[in-house]
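Notes to accompany the following structure.
The analysis underlying the following values was restricted to heavy atoms, covering all of them including side chains, and did not include hydrogens, waters or symmetry mates.
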Amino acid sequence: DPNGKPAVVKIDRDTGKILKYFPFPGKISGTYDNIITPDGRYWMGGATGTNLVGVLDTRSGEIWELETPTVVSSPARGGVDPDNNGWLGGRGGMLIKIDPRTRRITEYYPPLQNVSFYEILPDKNGEVWGTPLHSGGFLRFNPKTERWIHYWMPEPHSHNRRTWIDNSTNESGFKIDRAGD
């Protein structure tokens, strides 16, 4: 922010001018990813190496820090589902769901051991897709049923750092960018 404090900064996309900044109230010194709901109401970001997530209500200007249940969840990259819930991949091995309306965080652990998530993304149907690093596959999670589907890849090692969801059909699909990060 202009005062050198950790903050969320709102910038006018046409002029590039800073419209407003919202300083963090406590322990967060920065976030790894910055996701915003399609309606622009909520901004969310995880503080890597911690169990903290920052959330901003852009209408009221209120910003708060939420703690994940796991001490070192290390929230990384993610996206927003159709219900405006934020989802972040946890380097501690979980999917992290942020409900900005209730200020609740829920963690979901896959049926695999010793995995870590870098990025996860929800599709237009609300299912969450991601590649647990070094797992040899990718996962699809349905939060409504809490059902996991594990898709194996032909090689035993996987390290996906960027995800793209194909929402152009009724059946959303997961794509892996092998061209690079």
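Of the inter-residue distances, the one linking Ile96 atom CD1 with Glu107 atom CD reads 6.0 Å to the nearest 0.5 angstrom. The line from CG of Leu139 to OH of Tyr151 is 9.5 Å long, rounded to the nearest 0.5 Å. The structure places CG of Leu56 at 5.0 Å from CD1 of Ile63, a figure rounded to the nearest 0.5 Å. Taken to the nearest 0.5 Å, the NZ atom of Lys97 stands 11.5 Å off from the CD1 atom of Ile105. In this structure, the separation between OG1 on Thr37 and CH2 on Trp43 is 12.0 Å, given to the nearest 0.5 Å. Atom CG of Leu52 and atom OG of Ser29 lie 9.0 Å apart (nearest 0.5 Å).
Between Phe24 and Val8 the shortest side-chain heavy-atom distance falls below 4.5 Å.
Cation-pi check for Arg77 over Phe117 is not met; the charged atom does not lie both under 6.0 angstrom from the ring centroid and within 45 degrees of its normal.
At distances below 3.5 Å, not a single donor-acceptor pair connects side-chain atoms of Thr48 with backbone N or O atoms of Ser74. Between the side chain of Asp123 and the backbone N or O of Glu127 there is at least one donor-acceptor pair closer than 3.5 Å. Not one N or O on the side chain of Asp83 forms a donor-acceptor pair closer than 3.5 Å with the backbone of Asn85. Between the side chain of Asn34 and the main chain of Gly45, no donor-acceptor pair closer than 3.5 Å is present. In this structure, Asp39 contributes its side chain and Arg41 its backbone to a donor-acceptor pair below 3.5 Å. Of the possible donor and acceptor atoms, none in the side chain of Asn142 sits under 3.5 Å from a partner among the backbone N and O of Glu146. Without hydrogens or angle criteria, Ser116 side chain to Leu133 main chain gives no donor-acceptor distance under 3.5 Å. In this structure, the side chain of Lys124 engages the main chain of Asn167 through a donor-acceptor pair within 3.5 Å.
What you find for Leu121 and Gly78 is that their closest heavy atoms are CD2-O, 3.4 Å. In terms of heavy atoms, Pro23 sits closest to Ala7 at CA-CB, 3.6 Å. Shown here for Pro75 and Val53, the closest heavy-atom pair between the two residues is CG-CG2, 4.0 Å. Leu66 and Val55 get closest at one heavy-atom pair: CD1-CG2, 3.9 Å. Residue Ala76 comes nearest to Leu88 through the heavy atom pair O-CD2, 3.5 Å, listed as atom of the first residue, atom of the second, then distance. Here the shortest heavy-atom pairing between Val72 and Gly49 reads CG1-O, 4.3 Å.
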Between Arg91 and Tyr118, does a side chain to side chain donor-acceptor pair (under 3.5 Å) hold up when you go through it step by step? CA-CA 6 Å; Arg91 291 185 177 140; Tyr118 181 75; 4.8 Å; no
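A distance below 6.0 Å separates the ring centres of Trp152 and His150. Aromatic ring centres of Phe22 and Trp64: separated by at least 6.0 Å.
The same ILVMFWY cluster, assembled from side-chain heavy atoms under 4.5 Å apart, contains both Ile35 and Tyr42. Both Trp148 and Trp87 belong to a common hydrophobic cluster when Ile, Leu, Val, Met, Phe, Trp and Tyr are linked at side-chain heavy-atom distances under 4.5 angstrom. Both Met94 and Met44 belong to a common hydrophobic cluster when Ile, Leu, Val, Met, Phe, Trp and Tyr are linked at side-chain heavy-atom distances under 4.5 angstrom. When the side chains of ILVMFWY residues are joined at heavy-atom separations under 4.5 Å, either directly or via intervening members, Ile149 and Phe138 end up in a single hydrophobic cluster.
Ion pairing of Asp99 with Arg101 is present here, as a side-chain N (NZ or NE/NH1/NH2) and a carboxylate O approach within less than 4.0 Å. Between Glu65 and Arg103 no salt bridge is recorded (no basic side-chain N to carboxylate O distance below 4.0 Å).
A side-chain donor-acceptor contact under 3.5 Å links Tyr109 and Thr70.
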